[in-house]
Amino acid sequence: MYSFSFYNPTRIEFGADKEKQMGDFMAQFGVKKALIVYGSERIKKSGLFDDVTENLAANSIEFVELGGVKSNPLLSKVNEGIALAKQNGADSILSIGGGSCLDSAKAIAAGAKYDGDVWDFFGGKTIEDALPIFDIMTLAATGSEMNDGGVVMNDETKQKYGVHGTLLYPKVSVINPALQSTVSRDYLVYSAADIIAHSIEGYFTADVQPDIINMLIEANIKTVIKATEILLANPQDLDARGDFAWAATMALNGLTYVGTHGFSYPNHMIGHAMRAVNDTPHGASLSVVMPAWMTWWKARNPAQFKRFAKEIFGLDSADAGIAALKAWFDKIGTPTTLAQVGVTGEVLEAVLDNAAQNAVDWQMSDIYSRKAIAEVLALAE
């Protein structure tokens, strides 16, 4: 196991009706006025917005609203939120939604305490101050509820980059599985692919990978597979919904990378390019990329791919394990080919250009040249 420091200050409040206590939780941090960030008006139609704001009012917490966050969150919306927070004197950010809302909220929290361009932080500038962040998750996928990062697309430059900093850990994250029971079938399966991608990036690329972390990742992936199949048959199964939600959190809260070393995020690097160029849903891009990348990469880590096949699917070869994962994606209905997501011809060329620039910016271009990325995606045709 490689030497490590582990830090995660986020408090998780998991369970039924926890969202109705959000004002209580925020009051413990001295919050007086929040900017509420959300996506569609569904949270108002469902009564969730009222449940939350009534508890805010009970704690004398005022709020202003920023709705309309897209599933591919945009820098322009972040800048709108920053202006709104500053104009109204918000002292905190509350995200109600999925990972896109929370990632936007994190960027807004940093930008609201900064006089420059928030995009500076996406280029590596250290975040020295930020508003406290709180969230209520209505979609399980990104793990943003228990980590210090977020991803936003610059709608002018078509760059989809991440921002990180210890000040971006949410203070309190609420996970009520019942709030996620109306997630569409498409976004359930896209989320499953996203969680698996978070789980395998280090698993297959790290040059130091502790066995305890291998077992944690394998348990997480098997939980996702089992819970997804249950939820496709019965979306109201709250036990499976809870397992799925917690697997999403565990996949990217830092625990699956403890004691590892020398890992990278190639599937996300390529997937982000598909999202930036073609607006492909994030999880859908990953279900396309993963089997192709695994086929391309397997010779570099054959023992780990053989282990994956055995532990996840009970099979005895790397190729069989990769084929089984692709077959499972096909079974649940998340795409596995470029044609299924419209990444062909000129669009594919643009994706390759974008991904090649990502590789430079993510310091991965020594392995992932444009030619290498084209070889990966050729396996997804």
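Remember, predicted model here, so these are calculated numbers, not experimental data.
At distances below 3.5 Å, not a single donor-acceptor pair connects side-chain atoms of Thr256 with backbone N or O atoms of Leu252. Side-chain N or O atoms of Asn358 include one that pairs as donor or acceptor with a backbone N or O of Met269 at under 3.5 Å. Proximity of a side-chain donor or acceptor of Tyr187 to a complementary backbone N or O of Leu139 within less than 3.5 Å is not detected. The closest donor-acceptor contact from the side chain of Asp103 to the backbone of Val151 lies under 3.5 Å. At distances below 3.5 Å, at least one donor-acceptor pair connects side-chain atoms of Asp91 with backbone N or O atoms of Lys32. Of the possible donor and acceptor atoms, one in the side chain of Arg241 sits under 3.5 Å from a partner among the backbone N and O of Pro235. Proximity of a side-chain donor or acceptor of Glu311 to a complementary backbone N or O of Arg307 within less than 3.5 Å is not detected. In this structure, Asn220 contributes its side chain and Ser199 its backbone to no donor-acceptor pair below 3.5 Å.
Side chains of Asn278 and Thr280: a donor on one and an acceptor on the other come within 3.5 Å. No side-chain N or O of Gln21 forms a donor-acceptor pair with one of Asn55 less than 3.5 Å apart. In this model, a donor atom of one side chain and an acceptor atom of the other lie less than 3.5 Å apart for Lys106 and Asn147. Judged by distance alone, the side chains of Thr10 and Glu145 never bring a donor and an acceptor atom under 3.5 Å apart. Residues Glu62 and Asn88 have side chains that never bring a donor and an acceptor to within less than 3.5 angstrom of each other.
Around atom NZ of Lys86, more than 12 heavy atoms belonging to other residues, nucleotides or ligands sit under 6.0 Å away. At most 12 non-hydrogen atoms from other residues, nucleotides or ligands lie less than 6.0 angstrom from CG of Asp316. Within 6.0 Å of the CG atom in Leu379, the count of heavy atoms belonging to other residues, nucleotides or ligands exceeds 12. Around NZ of Lys33, the count of heavy atoms belonging to other residues, nucleotides or ligands within 6.0 Å exceeds 12.
With rounding to the nearest 0.5 angstrom, the CG atom of Leu188 is 11.5 Å from the OG1 atom of Thr182. Atom CD1 of Ile108 sits about 6.0 Å away from atom CD1 of Ile93, to the nearest 0.5 Å. Atom CE in Met215 sits 8.0 Å away from atom CD in Glu218 (nearest 0.5 Å). Rounded to the nearest 0.5 Å, atoms OG (Ser285) and CG (Asn267) are 9.0 Å apart. Here the CG-CD1 distance, from Asn253 to Ile12, works out to 8.0 Å after rounding to the nearest 0.5 Å. Separation of atoms CD1 (Ile175) and OG1 (Thr138) is listed at 11.5 Å; rounding is to 0.5 Å.
In this structure, Gln209 and Gln304 have side chains that are in contact, with non-hydrogen atoms separated by less than 4.5 Å. Put simply, the side chain of Ser71 reaches to within 4.5 Å of the side chain of Arg275, judged on heavy atoms. Inter-residue side-chain proximity for Asp186 and Pro281 is flagged as unmet; no heavy-atom pair is nearer than 4.5 Å. Within the 4.5 Å cutoff, no side-chain heavy atoms of Leu338 are placed close to those of Val347. Between Leu102 and Thr142 there is no side-chain heavy-atom pair separated by less than 4.5 Å. Side-chain contact between Lys160 and His282 is present, with heavy atoms from C-beta onward closer than 4.5 Å. Between Met364 and Pro266 there is a side-chain heavy-atom pair separated by less than 4.5 Å. Between Gln87 and Val64, the closest side-chain pair of non-hydrogen atoms is not below 4.5 Å.
Classification of the Tyr114-Phe121 ring pair by plane angle, with boundaries at 30° and 60°, yields tilted. By the 30° and 60° cut-offs, the orientation of the rings of His268 relative to Tyr265 is perpendicular. Taking the six-membered ring where tryptophan is involved, the planes of Trp297 and Trp293 are essentially parallel, since the angle between them stays under 30° and well short of 60°.
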| query | Is there a side chain to side chain donor-acceptor pair (under 3.5 Å) between Asp243 and Thr223 once you walk through the steps? | reply | CA-CA 7 Å; Asp243 287 347; Thr223 296; over 6 Å; no
| query | Could you walk me through whether Lys158 and Asp353 pass the salt bridge (Lys or Arg N to Asp or Glu O under 4.0 Å) check? | reply | CA-CA 11 Å; Lys158 301 303 181 184; Asp353 291 340; over 6 Å; no
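Scanning for ring-ring contact (aromatic ring centres under 6.0 Å, His included) contacts around Phe6 gives an empty result, with sequence neighbours left out. Residues that satisfy the side-chain hydrogen bond (donor to acceptor under 3.5 Å, both in side chains) test with Trp362, not counting sequence neighbours, are absent from this structure. The side-chain contact (heavy atoms from CB on, under 4.5 Å) check on Ser287 picks up Ala193, Phe329, Thr334, Pro335, with sequence neighbours excluded. Residues that satisfy the side-chain contact (heavy atoms from CB on, under 4.5 Å) test with Thr157, not counting sequence neighbours, are Asn154, Gln159. For His261, the ring-ring contact (aromatic ring centres under 6.0 Å, His included) partners at least two apart in sequence or on another chain are Tyr2. Take Phe4 and apply the ring-ring contact (aromatic ring centres under 6.0 Å, His included) test, not counting sequence neighbours, and it matches no residue.
Cluster membership for Tyr169 and Val163, using ILVMFWY side-chain heavy atoms within less than 4.5 angstrom, is not shared. With hydrophobic clusters built from ILVMFWY side chains whose heavy atoms lie under 4.5 angstrom apart, Val208 does not share a cluster with Leu255. Under a hydrophobic-cluster definition in which Ile, Leu, Val, Met, Phe, Trp and Tyr are linked whenever side-chain heavy atoms come within less than 4.5 Å, directly or via other members, Ile270 and Val360 are assigned to different clusters. By the rule that hydrophobic residues join a cluster once side-chain heavy atoms approach within less than 4.5 Å of another member, Met250 and Val224 end up as members of one cluster. At a threshold of 4.5 Å between side-chain heavy atoms, the hydrophobic network of Ile, Leu, Val, Met, Phe, Trp and Tyr places Val69 and Leu84 in one connected group.
For the ring pair (Phe, Tyr, Trp, His ring centres under 6.0 Å) condition, no pair includes a residue of residues 213-243, sequence neighbours left out. For residues 319-348, the salt bridge (charged side-chain N to carboxylate O under 4.0 Å, His left out) pairs, not counting sequence neighbours, are Glu229-Lys331, Lys298-Asp319, Lys326-Asp330. Here ring pair (Phe, Tyr, Trp, His ring centres under 6.0 Å) pairs that include residues 200-223, with residues two or more places apart or in two chains, are Phe204-Phe305, Phe204-Phe308. Sorted by first and then second residue, the salt bridge (charged side-chain N to carboxylate O under 4.0 Å, His left out) pairs involving residues 115-137 (not counting sequence neighbours) are Lys113-Asp129. Among pairs with a residue in residues 76-103, none fulfils ring pair (Phe, Tyr, Trp, His ring centres under 6.0 Å), at least two apart in sequence or across chains.
Contact detail for Tyr190 and Ala284: the closest heavy-atom pair is CE2-CB, 3.7 Å.
Other residues sharing a hydrophobic cluster with Tyr38 under the 4.5 Å side-chain heavy-atom criterion for ILVMFWY residues are Met22, Phe25, Met26, Phe29, Val31, Ile36, Ile43, Leu48, Phe49, Val52, Leu56, Ile61, Phe63, Leu94, Ile96, Phe134, Ile136, Val172, Val174, Leu179.
Aromatic ring centres of Trp296 and Tyr368 lie closer together than 6.0 Å.
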